[in-house]
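To start, the structure under review is shown below, and the notes come after it.
Numbers restart at 1 for each chain; the letters A, B, ... are given by sequence-line order, proteins then strands. Side-chain atoms are counted along with the backbone in the values below, which use heavy atoms only and exclude waters and symmetry mates. Given the structure is predicted, the values throughout are model-derived calculations rather than measurements.
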Protein chains: 2
Amino acid sequence: MARNGDLRRQILEQARSLLLAEGYAQASMRKIANAVGCTPTSIYLYFDSKDSLFHSLVEEGMTRLHEQLETVVSLFPDPEDRFRRLCRGYLEFGLENPEFYEIMFLLHPEQMMRYPTDKYRRARRNLQIFADAIAAFRRGDPNFDPILSATVVWSLLHGAISLHLAKRVDVSLSTPAFVEQVVEHSVQMLQPHNP
Amino acid sequence: MARNGDLRRQILEQARSLLLAEGYAQASMRKIANAVGCTPTSIYLYFDSKDSLFHSLVEEGMTRLHEQLETVVSLFPDPEDRFRRLCRGYLEFGLENPEFYEIMFLLHPEQMMRYPTDKYRRARRNLQIFADAIAAFRRGDPNFDPILSATVVWSLLHGAISLHLAKRVDVSLSTPAFVEQVVEHSVQMLQPHNP
DNA sequence: ACTGTAAAGTTAACATCGTTAACTGAAAAT
DNA sequence: ATTTTCAGTTAACGATGTTAACTTTACAGT
């Protein structure tokens with residue numbers, strides 16, 4: 001059929017759109033194929049499995065997130081301000097792209113084949129962005145590991161997004177208020193101890 | 001067949017064991033039925049669906065967690081010590097019961113029917129335990145909402161467990177070291193601001 | 001121009017899944 | 001003794017991811 005050799009692109013496009021519209025489980029190979037106008041088996045010409053198809057979307061999501069964080073870094077030089085905005089940026093990315101966030105970080109456990117280790121580099125780069133920002137306003141403090149702190153901060157941000165997406169956060173809290181609280185606590189978490 | 005009217009119990013038992021052994025997706029109705037020694041359809045005599053079967057396990061998990069936290073409360077009266085141990089207890093519960101934790105908090109998004117709202121009470125009680133512990137060592141501080149702080153702390157603990165279970169945390173960190181870091185940051189998060 | 005080959009796509013099928021309708025057998029109630 | 005009720009089964013439906021085998025298309029080499 002005449003598809004100008006861009007069937008792969010079309011598949012990714014429709015997979016993405018179906019993912020956003022109906023979620024991972026409902027985005028079946030047959031639905032994707034139908035949306036594209038080919039047979040389910042054709043998808044296997046370009047992707048090893050459903051998992052590996054969605055891994056490509058994970059990479060798209062990682063890139064988006066990375067770009068968003070890099071933009072923050074480039075625009076805001078003040079360490080604490082930058083850190084705050086990074087946190088806010090990460091939270092907003094998760095809350096505004098729930099389906100992307102889901103396949104990127106949420107439904108790996110058994111649901112989806114593990115994202116190949118060698119592709120974690122972009123995720124790792126995002127962690128490094130946080131570590132650098134943190135290091136900037138805790139410079140000169142020994143026994144302080146930026147990567148470790150960044151991991152803990154990431155845990156907080158990730159947990160907040162997860163609970164919010166799962167609607168486990170009390171609805172009496174508005175979303176922006178919750179975001180600000182999490183950001184404030186992130187900053188507080190990094191303050192030097194007062195004995 | 002002679003099953004002393006405890007088929008329901010047997011189903012729950014095998015479902016739990018299969019869940020722990022192979023995870024939610026692989027624990028199929030047919031496998032459960034096979035393990036019990038009945039037909040898949042018999043399960044529907046006692047549970048409306050696969051979801052509602054596993055919701056019963058969610059409740060078992062919630063109860064376990066609740067008991068574990070209540071034990072901590074009853075044993076350790078000192079506010080900060082108690083709070084620390086609550087955090088540690090929650091983290092350990094999650095890390096030591098990954099499959100339970102998964103169905104309790106992790107794979108709701110689309111994967112599993114939403115856990116009925118009216119059954120959130122036990123989860124809510126667990127949040128309240130944290131809120132009370134937090135309130136105890138921030139007493140007298142106005143514009144400080146214990147439930148809000150408890151939610152943020154919960155986010156941190158939940159995120160740490162999620163990332164660890166998804167093997168996203170750098171392996172160079174030992175698990176106990178990571179747990180202690182998270183606990184320390186939880187405490188730090190609640191310190192009064194120093195301007 | 002003819003033929004051989006490789007790529008691109010399709011058809012048909014497999015095994016598995018959650019779930020339902022219709023049936024059977026036994027025990028309890030009238 | 002007959003009817004009703006309960007507990008469980010058989011057989012099937014529609015949907016899923018995936019594979020093997022086939023067809024069609026395009027393009028080389030001679």
Whole angstrom value for the distance that separates [atom2] of [N] from [atom1] of [X]:
{"X": "A:Ile32", "N": "D:dA15", "atom1": "CD1", "atom2": "C1'", "answer": "15 Å"}
{"X": "A:Ile43", "N": "C:dA8", "atom1": "CD1", "atom2": "P", "answer": "16 Å"}
{"X": "A:Leu45", "N": "C:dT11", "atom1": "CG", "atom2": "C1'", "answer": "14 Å"}
{"X": "A:Gln10", "N": "C:dG9", "atom1": "CD", "atom2": "C1'", "answer": "14 Å"}
{"X": "A:Phe47", "N": "D:dG17", "atom1": "CZ", "atom2": "C1'", "answer": "16 Å"}
{"X": "B:Leu7", "N": "D:dT9", "atom1": "CG", "atom2": "P", "answer": "8 Å"}
{"X": "A:Asp6", "N": "C:dG9", "atom1": "CG", "atom2": "C1'", "answer": "15 Å"}

Please list, one pair per line, the donor and acceptor atoms closer than 3.5 Å that link side chains of residues 132-140 of chain B to other protein atoms, with sequence neighbours excluded.
| unit_1 | atom_1 | unit_2 | atom_2 | d |
| --- | --- | --- | --- | --- |
| B:Asp132 | OD1 | B:Gln128 | NE2 | 3.0 |
| B:Arg138 | NE | B:Asp141 | OD2 | 3.3 |
| B:Arg138 | NH1 | B:Leu190 | O | 2.5 |
| B:Arg138 | NH2 | B:Asp141 | OD2 | 2.2 |

message = Under 4.0 Å from OP1 or OP2 of D:dT9: is there any side-chain N or O of B:Thr39 that close?
response = yes
query = Looking at residues at least two apart in the chain, or sitting in another chain, which of them share a side-chain contact (heavy atoms from CB on, under 4.5 Å) with B:Thr39?
reply =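 For B:Thr39 the side-chain contact (heavy atoms from CB on, under 4.5 Å) partners, ignoring immediate neighbours, are B:Thr41, B:Ser42.
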ask   = Tell me, which pairs form a salt bridge (charged side-chain N to carboxylate O under 4.0 Å, His left out) where one or both residues lie in residues 178-193 of chain B, sequence neighbours left out?
value =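 Qualifying pairs, neighbours excluded: B:Arg84-B:Glu184, B:Arg88-B:Glu180.
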query = What residues, two or more places apart in sequence or in another chain, satisfy ring-ring contact (aromatic ring centres under 6.0 Å, His included) together with A:His185?
reply =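 For A:His185 there are no ring-ring contact (aromatic ring centres under 6.0 Å, His included) partners, ignoring immediate neighbours.
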request  = Could you pull out all residues at least two apart from B:Phe178 that satisfy ring-ring contact (aromatic ring centres under 6.0 Å, His included)?
outcome  = B:His164
note = Whether each nucleotide of nucleotides 12-20 of chain C has a protein heavy atom under 4.0 Å at its base (B), only at its sugar-phosphate (S) or at neither (-) is summarised, 5' to 3', as BB---BBBB
query = Are A:Lys50 and A:Tyr24 in a cation-pi setup, meaning NZ or CZ lies under 6.0 angstrom from the ring centre and within 45 degrees of the ring axis?
reply = yes
